There are 2 protein chains.
Amino acid sequence: MIKRPLNNYISVDCVIFGYNGQELQVLLVDRTLTNETTGESEFTDLTLTGNHIYEDETIEEAAYRVLFDLTGLKNVFLDQFKTFAHPDRLKKENDRKWLLHDGRDPDKRIVSIGYFSLLATQNITLEWKGRNVKWVPVSEVGELAFDHNQILEEALIALRNKIKHEPIGFELLPEKFSLTQLQNIYEVILSTELDKRNFRKKIARMKYLIPTDEKQTGVSHKPARLYVFSREVYEKTKKELFDFTV
Amino acid sequence: MIKRPLNNYISVDCVIFGYNGQELQVLLVDRTLTNETTGESEFTDLTLTGNHIYEDETIEEAAYRVLFDLTGLKNVFLDQFKTFAHPDRLKKENDRKWLLHDGRDPDKRIVSIGYFSLLATQNITLEWKGRNVKWVPVSEVGELAFDHNQILEEALIALRNKIKHEPIGFELLPEKFSLTQLQNIYEVILSTELDKRNFRKKIARMKYLIPTDEKQTGVSHKPARLYVFSREVYEKTKKELFDFTV
DNA sequence: TATAGTTAGTGTCGTTTCTACACCTTACCA
DNA sequence: TGGTAAGGTGTAGAAACGACACTAACTATA
């Protein structure tokens, strides 16, 4: 394998959202600093999935690479939402220790470009760069490493804004999904409750959400009809809105 | 004056929009490379207003600094919209020459964080860092330096998206403005035509656009009533939308 | 001082969308 | 075959939308 030269002052952080049928989740990675002489853990906490980029790589390619390494998937929803470069963003005590241990200069300023991603699968690699990976409900996220709480917060803001105006909810669902699943996505992300009948009337107007002949299987109640999203129809029928919020 | 250390791999580029009553404009800066031996100009073109940041400065502070240097204003609308870091973004021939002449390494990769700004004044400094500054109608912008055409394009996309959902149009107008002025802003930015009566009905529903008792002066026709935007009212009355575009 | 020129400002009607609200249907399972 | 659990549907009143044309107010100038 050929080593490609790293650019060590640019990184991407990917806020990877998932949905388990109940809650919005985010993918986090264990960070444990082991004292080399005693072998004991100095601290352990969690980070977002981030990565440096290669010198000849675009930031978007780097973000897709992170996603591919975690999931094996290539066509994943990905959106650059904000960039973080505060001079103190890596300067908490544990962060400095971690960087030093990793052979990096904790005083060096690193720009991190934030992407958020919506995954339709819970199937992720369990180990990434030798570290454990897991889903954590967004509501249960505690204190994260670096400025990752802030990055997560901004990712949520970007997600909520985007989902209000663009059809992206089903990126968190399998290709074929039920309207109840979709409604739940909106309810969870926007912390709101929606009326089932009104929601369905709205969906019926969106010609790009197309009912199939298939139904749910393996449920112990009336199975729901499954829908698919058609990007072609969406691109054809979308119109521009002018409606700054009252 | 104390020299603060520069961070030479992070920069901000500010896409500064203005409105002259007719068109959307963007602020551009002359870039002329003078051959040191012959004294002749090797090329001349235009750039956006960008700047490196100081080592202890946040990127937002740097963007505000650029705006302040150009306008003397401090409370200007500013929005971080996208970050540009393509490996080849500074590698056009003229760009390499310019960087070399400036004592910088053209092979070094520089991340640029894009901000767009809306200015309510046409009063700008005429010279900035020894370079001429001028307003150019967006429709008449030719080929710019570096990747600045792309940055401008993305800024326009961000502006159009934002203005559809958030009340920011009047950031391009004086504190007190007429509804016709406001309508023109929307028409120009969204390349659309709006019905005057329907526009005004919509405005009437937005309680944060408040009519004053004042009228235009110095116009040779019926003077229009002036309105002001109230941020307090806006923050109180805004509600969340859920309406992904049909 | 009357008039021409210019922009401001306003109402209605038919259509679409919004909101609130309750019951029957379908399938599985015990 | 009856209980359980979610799926799926319609209506009516209110609000917003889009299309459409005339009068009002002010200035300049003849």
Side-chain angles (χ1 to χ4, degrees), chain A residues 20-22 164-165 167 170 173-174 176-188 190 192-228 237-246, chain B residues 20-22 164-165 167 170 173-174 176-188 190 192-228 237-246:
Chain A
N20 60 3
Q22 314 272 4
K164 275 185 266 178
H165 308 298
F170 36 76
L173 293 172
K176 296 178 181 174
F177 51 86
S178 74
L179 294 189
T180 301
Q181 288 176 312
L182 189 62
Q183 182 178 338
N184 284 341
I185 296 267
Y186 283 92
E187 291 181 332
V188 164
L190 298 175
T192 184
E193 289 201 6
L194 299 172
D195 178 85
K196 183 163 59 162
R197 277 174 290 191
N198 293 340
F199 182 81
R200 282 159 191 251
K201 269 183 287 183
K202 196 156 195 164
I203 296 298
R205 261 179 268 124
M206 300 172 179
K207 303 303 184 200
Y208 49 84
L209 289 179
I210 302 173
T212 69
D213 290 335
E214 292 179 58
K215 302 195 168 194
Q216 275 180 319
T217 53
V219 290
S220 75
H221 54 74
K222 177 173 175 178
R225 179 184 289 274
L226 300 180
Y227 284 69
V228 292
T237 61
K238 79 177 164 184
K239 60 178 186 221
E240 295 302 321
L241 270 189
F242 162 60
D243 87 359
F244 57 94
T245 309
V246 177
Chain B
N20 61 3
Q22 315 272 6
K164 275 186 266 176
H165 308 297
F170 35 76
L173 292 172
K176 295 175 182 174
F177 51 86
S178 75
L179 295 188
T180 301
Q181 288 177 311
L182 189 62
Q183 184 180 336
N184 285 341
I185 296 270
Y186 283 91
E187 292 181 334
V188 165
L190 298 176
T192 181
E193 289 200 6
L194 300 171
D195 179 83
K196 184 161 63 160
R197 280 175 287 194
N198 294 339
F199 183 81
R200 282 160 191 249
K201 271 183 286 183
K202 196 156 194 164
I203 296 298
R205 261 177 268 123
M206 299 171 179
K207 302 304 183 198
Y208 50 83
L209 289 179
I210 302 171
T212 69
D213 291 334
E214 291 178 60
K215 301 195 166 193
Q216 273 181 321
T217 54
V219 290
S220 76
H221 52 75
K222 176 171 175 178
R225 180 185 289 274
L226 300 179
Y227 284 69
V228 292
T237 61
K238 77 175 165 184
K239 62 178 184 217
E240 295 302 322
L241 272 188
F242 161 61
D243 86 1
F244 57 94
T245 308
V246 178

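Residue numbers start from 1 in every chain, and the chains themselves are labelled A, B, ... in the order their sequence lines are given, proteins ahead of strands. Keep in mind it's a predicted model, so treat the numbers as computed, not measured.
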Original post:
Quick one: salt bridge (charged side-chain N to carboxylate O under 4.0 Å, His left out) partners of B/Glu187, sequence neighbours excluded?
Top reply: none
Subject >> Contacts of type side-chain contact (heavy atoms from CB on, under 4.5 Å), residue A/Lys215, not counting sequence neighbours >> reply: A/Pro223
Original post:
Considering residues at least two apart in sequence or located in another chain, which fulfil the salt bridge (charged side-chain N to carboxylate O under 4.0 Å, His left out) criterion with A/Lys201?
Top reply: none
Original post:
Atom CZ of A/Phe199 and atom C1' of C/dC18: how far apart are they, to the nearest Å?
Top reply: 15 Å
**OP:** For nucleotides 4-13 of chain C, just jot down a letter per nucleotide in 5' to 3' order: B, S or -, based on protein non-hydrogen atoms under 4.0 Å.
**Re:** -BBBBBBBB-
Subject >> A/Gln183 CD - D/dG8 P separation (whole Å) >> reply: 12 Å
**OP:** Can you sort out the partners of B/Thr217 under side-chain contact (heavy atoms from CB on, under 4.5 Å), two or more places apart, ordered by chain and number?
**Re:** none
Original post:
Looking at residues at least two apart in the chain, or sitting in another chain, which of them share a salt bridge (charged side-chain N to carboxylate O under 4.0 Å, His left out) with B/Lys196?
Top reply: none
